[in-house]
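Order of the sequence lines fixes the chain letters, A, B, ..., with proteins taken first and strands second; residue numbering starts at 1 for each chain. Side-chain atoms are counted along with the backbone in the values below, which use heavy atoms only and exclude waters and symmetry mates. Just so it is clear, the structure is predicted and the values come from calculations on it, not from any experiment.
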2 protein chains.
Amino acid sequence: MKKLLNQADRYVDEMLDGIVAAHPELKRVPGTQVIVRAHPKAKVALVSGGGSGHEPAHAGYVGDGMLDAAVSGSVFTSPTPDQVLAAIRAVDQGQGVLLVIKNYTGDVMNFEMAADLASMEGIAIEKVIVADDVAVENSTYTVGKRGIAGTVFVHKIAGAAAEAGLELAEVKRIAEKVIQNVYSMGMALSPCTVPASGKPSFELGEDEVEIGIGIHGEPGTHRESLRSADDIVDTLLERIFAKSGIAPPDRVAVMLNGLGATPQSELYIAYRRVAERLAERRIAVHKTLVGEYMTSLEMAGFSISLLKLDDELTRLLDAPADTPAHRQR
Amino acid sequence: MKKLLNQADRYVDEMLDGIVAAHPELKRVPGTQVIVRAHPKAKVALVSGGGSGHEPAHAGYVGDGMLDAAVSGSVFTSPTPDQVLAAIRAVDQGQGVLLVIKNYTGDVMNFEMAADLASMEGIAIEKVIVADDVAVENSTYTVGKRGIAGTVFVHKIAGAAAEAGLELAEVKRIAEKVIQNVYSMGMALSPCTVPASGKPSFELGEDEVEIGIGIHGEPGTHRESLRSADDIVDTLLERIFAKSGIAPPDRVAVMLNGLGATPQSELYIAYRRVAERLAERRIAVHKTLVGEYMTSLEMAGFSISLLKLDDELTRLLDAPADTPAHRQR
């Protein structure tokens, strides 16, 4: 294993220390793997998280206009209920807490258990479950569709709703609306290595890629020989169009998300084709994000997310945000 | 070669099309590899660039508070003088143009030739040459020290000076001050593949890393066995301290720059150690940037840059910026 680390069992702990050292506007809840804003705001609080290894998700989205806390489990492993509960307790300002959960069985179970415990302590709590990956119906760690990079749109839009002072039920309604309108699919050119295992999480042949892969290397729809960037983009988009029904006069936001090792130059080559295809279909693009938003360690590959917008979602998507991994005026 | 592309000879062209498709606030000068602001400002203009493959450098820094144009050569190849001249012509608003050049023989020669041609057309033109890499004195493509990620601090600070309406000589003076105070050094765990060659640019053994590597894979100070992240950070920092003389009561900005394939989690593990060492030496950190600022395609590895600040540099570093790759309020 050729990785930049000290000890595999201190990987997440040292990463979290690095995050708060680099970003004084964040702090770590002592004795936990929870990152919160150093200066909390009196508003509905948003908590997200999951296994580590997807950075900048989720700690990179803690800050103005997005999350209030991010809970990091071990690499590719759900955080425990007590960690999620610590996050909820740390951020509740009496106006309630919304949990944004990616649809993995462990995440859902542990976040729900924490929600039950928080409820018993009198904290108003709601949850939403993101399942944006259109590749497969069930998967290695998931019943139903998986939650992947489209989750970042939930953080952005529900975060803007909370920042605007909306109450818990409204913030939840808006988060649900994002979830109902976001569709994603990814592919990988190479695997990644979880530090604790020391070995690649799966193997791909010299010229082989996996279409529809999950962010932990879970199997997708099929493997095939490496084709051109345009062909790959077309394959992902065709499925997203088929599953989403997105068609004119729909207006979308697009995320072209790098999984870790794919150069930004190649993400833009892929985005060029996405833009071409959307133009051909006369689907208007309101906003585009190209970069690493939800990664899989050093996996090479990318995902495409399309979010169908209405006026409410557009306004909240355009609201300011100021977090380590996403800033806009 | 397992890369996300269509044809190697269309790599840069398609990347540039993707960048302007994703960022409508940028546009491409027709028939060139030059990216400029869609809405130019009446002020001193900043032009930078170099070979492609270092994205987001440099097109990602075109925008408010940073650059006015970025010129992209072929991958790891200097842009030609006519491309640089096209950039100068496109951005000159009559108040002059500052060229920010990384110290590579080809870049310096081609940017200087373009400057001469622009001068003959009556454009006021100045240049600065960034040579922040403390690893080696001369290198494969360079006489003197190489210019690497510290260049982004020049874009930010000189960009803020130009945005504030300072005249060309002042913007140049400030850029020179950044250059005199910025020190960088990098290392690689794995090589990268230039699309046109299709083969890794160099080879490293299974357990071998290269200390002091350049951003095109040029040799550094030595190769050694992979050690812990902390040991590697210490090695880079020791040399940076020795070459820079940075000591209390100096105040610095830090950039922990990923070269392409190193996960953000591992960049933060490395930054944690940087912060520890700076605290031990009682060197105050004013601002920290962790992420991919100047990459080498999908090379795994990172660089550290320290910029020694005075009040003037601090104020300009803290000024707002709004570009695809760097935004701050």
Side-chain angles (χ1 to χ4, degrees), chain A residues 2-7 11-12 14-19 21-23 52-53 55-56 60 75 189-190 192 206-207 209 226 228-230 232 254 256 260-276 288-290 292 295 297-298 300-302 320 322 324-325 327-329, chain B residues 2-7 11-12 14-19 21-23 52-53 55-56 60 75 189-190 192 206-207 209 226 228-230 232 256 260-276 288-292 295 297-298 300-302 320 322 324-325 327-329:
Chain A
K2 209 170 183 181
K3 289 179 85 71
L4 187 67
L5 53 78
N6 294 299
Q7 292 167 234
Y11 192 91
V12 174
E14 293 188 346
M15 168 189 82
L16 294 171
D17 281 348
I19 290 173
H23 306 292
S52 294
E55 289 68 27
V75 174
L189 285 84
S190 73
C192 59
E206 189 64 26
D207 190 41
V209 303
L226 177 62
S228 71
D230 285 2
I232 294 169
V254 187
L256 197 307
T262 295
Q264 225 182 80
S265 42
E266 292 166 33
L267 299 181
Y268 279 113
I269 288 172
Y271 180 68
R272 181 198 114 275
R273 181 60 167 187
V274 173
E276 250 175 38
T288 300
L289 300 173
V290 177
E292 294 183 350
T295 61
L297 295 167
E298 72 284 0
F302 72 103
D322 194 3
R327 292 191 168 91
Q328 62 184 54
R329 289 200 287 203
Chain B
K2 210 170 182 181
K3 290 180 86 71
L4 188 67
L5 54 76
N6 294 300
Q7 290 168 234
Y11 191 91
V12 173
E14 292 188 347
M15 169 190 82
L16 295 171
D17 281 347
I19 290 173
H23 306 291
S52 293
E55 290 68 29
V75 175
L189 285 84
S190 73
C192 59
E206 189 65 25
D207 191 41
V209 303
L226 177 61
S228 71
D230 285 2
I232 294 169
L256 197 305
T262 295
Q264 224 183 80
S265 42
E266 292 165 35
L267 299 181
Y268 278 112
I269 287 172
Y271 180 70
R272 180 198 113 275
R273 181 62 167 186
V274 174
E276 250 174 40
T288 301
L289 300 174
V290 178
E292 293 182 350
T295 61
L297 296 168
E298 71 285 0
F302 71 104
D322 194 3
R327 292 193 168 89
Q328 62 185 55
R329 288 200 287 203

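Proximity to chain B (any heavy atom under 4.5 Å) is shown, for A:Arg327, by both the backbone and the side chain. Only the side chain of A:Ala275 has a heavy atom closer than 4.5 Å to any heavy atom of chain B. Contact annotation for A:Glu206: only backbone heavy atoms (N, CA, C, O) come within less than 4.5 Å of a heavy atom of chain B. With a threshold of 4.5 angstrom between heavy atoms, A:Phe302 approaches chain B through side-chain atoms but not through N, CA, C or O. Of the two parts of A:Ile232, only the side chain, counted from C-beta on, holds a non-hydrogen atom closer than 4.5 Å to a non-hydrogen atom of chain B. For chain B, the nearby part of A:Ala270 is the side chain; its heavy atoms alone come within less than 4.5 Å.
Ranked by non-hydrogen atom pairs under 4.5 Å with chain B, the options A:Val290, A:Asp322, A:Thr262 are led by A:Asp322. Counting heavy-atom pairs closer than 4.5 Å to chain A, the top residue among B:Leu289, B:Asp230, B:Leu16, B:Asp207 is B:Asp230. The candidate with the highest count of non-hydrogen atom pairs below 4.5 Å against chain B, out of A:Ala325, A:Ala229, A:Gly53, A:Ala300, is A:Ala229. In terms of heavy-atom pairs under 4.5 Å with chain A, the best-connected choice from B:Ala261, B:Pro324, B:Ser52 is B:Ala261. In terms of heavy-atom pairs under 4.5 angstrom with chain A, the leader among B:Thr288, B:Asp17, B:Ile269, B:Val209 is B:Ile269. The residue among A:Gln7, A:Gln328, A:Arg329, A:Glu276 with the most heavy atom pairs within less than 4.5 Å of chain B is A:Arg329. If you tally non-hydrogen atom pairs under 4.5 Å between each of A:Cys192, A:Ala21, A:Ser265, A:Gly60 and chain B, the highest count goes to A:Ser265. Between chain B and the residues A:Leu226, A:Val254, A:Val75, the largest count of heavy-atom pairs under 4.5 Å involves A:Leu226.
Side-chain contact check for A:Leu5 versus B:Ser228: every heavy-atom pair is 4.5 Å or farther apart. Within the 4.5 Å cutoff, no side-chain heavy atoms of A:Leu297 are placed close to those of B:Gln264.
Remark: the backbone N or O of A:Leu189 is paired with a side-chain donor or acceptor of B:Lys2 at under 3.5 angstrom. Looking only at distances, a side-chain donor or acceptor of B:Glu266 sits under 3.5 Å from a matching main-chain atom of A:Leu4.
For the 3.5 Å distance criterion, the side chains of B:Glu14 and A:Tyr268 fail to qualify, holding no donor opposite an acceptor.
The shortest heavy-atom contact between A:Glu292 and B:Gly260 is OE2-O, 4.4 Å. Across A:Pro263 and B:Lys3, no two heavy atoms sit closer than the pair CG-NZ, 4.4 Å. Pairing each heavy atom of A:Tyr271 with each of B:Gly18, the nearest pair is CD2-O, 3.7 Å.
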